[in-house]
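Encoded as structure tokens, the structure appears first; notes follow it.
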Amino acid sequence: MQAWHVHENGEPSEVMRLADVERPTPGDGQVLLKVRAANINFPDALLCRGHYQVRPPLPFTPGVEICGETEDGRRVIAGPALPYGGLAEYAVADAAAVLPAPEVLDDAEAAALHIGYQTGWFGLHRRAGLEAGETLLVHAAAGGVGSAAVQLGKAAGATVIGVVGGAGKTAVARELGCDVVVDRHTEDVVAAVKEATGGRGADVIYDPVGGEAYTQSAKVVAFEGRIVVVGFASGSIPSPALNHALVKNYSILGLHWGLYRTRNPKLVLHCHEQLTELAARGAIKPLVSERVPLGGAAGAVQRVADGVTTGRVVVIPAPGEREAV
């Protein structure tokens, strides 16, 4: 089979190499999955760079989220067990973590449902307790993680403000359902959010960016607001002023979704059931902006790393679905 291998750490476009290799052999409690579609996530770039919290032995295959097919023909979604990631024709996954793919989503959409939407659901509902009628601010709202949070926020009955970078991403954020879109390249984010909320600020802020985005969040969080720290795509990890959180009476919430898979896997299954129901009634649907062949995976991971993509970029190993959309 063909699989992308990383033999040394560095930028994805430089260290990922496509190779002909043997199919991986599942270990105890694992299953072999034929990859129908692999969604690219920012952690794939961090894995290539050696900056992710999980460091598989070299060489390894990136790809942490797939829609796959079991040996008995079931269509499923899973997070592959590294080092046998999803940017290959076959991957390995822990059997207990394999979930049924929603029937209403095609392979590429199903591949993009798991990590981003689970993270969004846990962040907004489990951690922040988002309620209908509240205002949700989403940084990087046109990106893969942000777009999921936007849709989940709208499904929960929130007013959603999306922060994006550039006119093209502004259009995408509006298409996703944002009530207000702020272009950080041309607008003052703090002033725009205060104006949109009548000076009150946002009840819940979803931040996968860090850096300057977090600084802005602290300035526009409402009384009893909640800032959900999801990641640091900017590359800068902020140092929050706890005296500021005390004086303004807001909460800073960390979210490491991966911990739930080992600490409380029943919640992950419950979340998947909720997401499947939301997908079935059309309340959420992953925005797949590109479908690329397996041979284009390294370039696609690099584009996600560089922050120039919108929605989700999905690799389709099988022939017949390799057109861009």
Side-chain angles (χ1 to χ4, degrees), residues 113 116-164 169-184 187-209 213-230 240 244-255 257 267 270-287:
L113 182 71
Y117 283 86
Q118 286 256 347
T119 300
W121 189 91
F122 273 90
L124 299 181
H125 294 291
R126 182 76 179 178
R127 300 293 282 136
L130 178 68
E131 297 180 0
E134 289 192 311
T135 297
L136 167 66
L137 171 64
V138 179
H139 289 285
V145 173
S147 61
V150 169
Q151 291 184 352
L152 289 167
K154 292 300 295 180
T159 297
V160 180
I161 302 172
V163 178
V164 300
K169 294 186 178 182
T170 296
V172 171
R174 293 194 188 282
E175 179 185 343
L176 286 164
C178 287
D179 299 283
V180 177
V181 181
V182 181
D183 184 349
R184 60 182 175 82
E187 299 177 76
D188 182 320
V189 173
V190 173
V193 173
K194 287 185 175 180
E195 180 181 358
T197 59
R200 183 176 178 278
D203 299 292
V204 175
I205 300 177
Y206 193 79
D207 181 12
V209 179
Y214 180 85
T215 302
Q216 295 162 349
S217 298
K219 293 179 180 179
V220 299
V221 62
F223 172 77
E224 292 195 325
R226 293 84 79 197
I227 301 174
V228 185
V229 179
V230 184
H244 190 259
L246 183 153
V247 171
K248 286 194 68 175
N249 201 57
Y250 64 87
S251 301
I252 304 166
L253 305 170
L255 174 62
W257 169 75
L267 269 180
H270 171 69
C271 176
H272 181 66
E273 292 169 349
Q274 299 297 308
L275 295 177
T276 299
E277 181 181 341
L278 288 169
R281 59 185 175 91
I284 62 172
K285 183 177 183 179
L287 173 63

For [X] and [Y], work out which heavy atoms get closest and say how close.
| X | Y | value |
| --- | --- | --- |
| Val228 | Gly123 | CG2-O, 3.8 Å |
| Gly129 | Glu134 | O-OE1, 4.0 Å |
| Leu275 | Leu152 | CD2-CD2, 3.9 Å |
| Pro208 | Ala140 | CG-CB, 4.4 Å |
| Val182 | Ile161 | CG2-CG2, 4.1 Å |
| Ala155 | Ala283 | CB-CB, 4.1 Å |

Please confirm whether His270 and Trp121 have ring centers closer than 6.0 angstrom. yes
Does the gap between the ring centers of His139 and Tyr214 come in under 6.0 Å?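 His139 vs Tyr214: aromatic centres not under 6.0 Å.
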Main-chain N/O of [Y] paired with [X] side-chain donor or acceptor, under 3.5 Å:
| X | Y | result |
| --- | --- | --- |
| Asp203 | Thr135 | yes |
| Glu175 | Ala171 | no |
| Gln118 | Cys271 | no |
| Arg226 | Ala128 | yes |
| Glu187 | Arg184 | no |

Interatomic distance, [X] atom [atom1] to [Y] atom [atom2] [nearest 0.5 angstrom]:
| X | Y | atom1 | atom2 | value |
| --- | --- | --- | --- | --- |
| Leu267 | His272 | CG | NE2 | 14.5 Å |
| Asp188 | Lys194 | CG | NZ | 9.0 Å |
| Asp207 | Leu253 | CG | CG | 12.0 Å |
| Ile284 | Leu176 | CD1 | CG | 12.5 Å |

Heavy-atom count check: over 12 atoms from other residues, nucleotides or ligands less than 6.0 Å from [X] [atom1]?
| X | atom1 | result |
| --- | --- | --- |
| Glu273 | CD | yes |
| Lys248 | NZ | yes |
| Lys154 | NZ | yes |

Quick one: does [X]'s side chain get under 4.5 Å of [Y]'s, heavy atoms only?
| X | Y | result |
| --- | --- | --- |
| Tyr206 | Val145 | yes |
| Thr159 | Leu136 | no |
| Arg200 | Phe223 | no |
| Ile205 | Val220 | yes |
| Tyr117 | Leu278 | no |

For Lys169, is there an ion pair with Asp183 - N to carboxylate O distance below 4.0 angstrom?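 Lys169 and Asp183: not salt-bridged.
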Single hit among Val160, Leu124, Val204, Val163 for side chain to side chain contact (heavy atoms under 4.5 Å, CB included) with Val138: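 Passing option: Val160.
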Full working for side-chain contact (heavy atoms from CB on, under 4.5 Å) between Leu287 and Val172: CA-CA 9 Å; Leu287 173 63; Val172 171; 3.5 Å; yes
